[in-house]
Amino acid sequence: RGGEILFAFQPEHQGGRTGTRVQITVRLPLPPLVGPLVRPLLERQIRKEVAAAALEDRADIEHRGYPRALSSLDAAAA
């Protein structure tokens, strides 16, 4: 309760390639007594989950692709 996840996107050019840098900030209040013990475990799990999601997104973009979005003209014709 009271936590938040913030996403920031910035265009980036690296090694002659264009891409997007994504910064993810997770704020989660932890109880003072167990917070220092739980924090490293939570950080590791969050990093693992975000890395897995990023690899899935990359595979979708580079290999499977996304379906073409319907334009308003396509929707009217359907």
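Grouped by direct or indirect side-chain proximity (heavy atoms under 4.5 Å, Ile/Leu/Val/Met/Phe/Trp/Tyr only), L41 sits alone. Through side-chain heavy atoms spaced under 4.5 Å, either directly or across other Ile, Leu, Val, Met, Phe, Trp or Tyr residues, V22 is tied to I5, F7, F9, I24, V26, I46, V50.
Residues satisfying the side chain to side chain donor-acceptor pair (under 3.5 Å) test with T25, not counting sequence neighbours, are none. With sequence neighbours excluded, the residues forming a side-chain contact (heavy atoms from CB on, under 4.5 Å) with L42 are L28, L30, V38, listed by chain and number.
Legend: side-chain hydrogen bond (donor to acceptor under 3.5 Å, both in side chains) pairs involving residues 46-55, not counting sequence neighbours, sorted by first then second residue: Q45-E49. Pairs of residues two or more places apart, or lying in two chains, that qualify as salt bridge (charged side-chain N to carboxylate O under 4.0 Å, His left out) and include a residue from residues 7-17 are E12-R21. Residue pairs meeting the salt bridge (charged side-chain N to carboxylate O under 4.0 Å, His left out) criterion with at least one partner in residues 22-39, sequence neighbours excluded, are E4-R27, R39-E43.
P36 and P31 make their closest contact through CD-O, 4.5 Å (heavy atoms, listed as atom of the first residue, atom of the second, distance).
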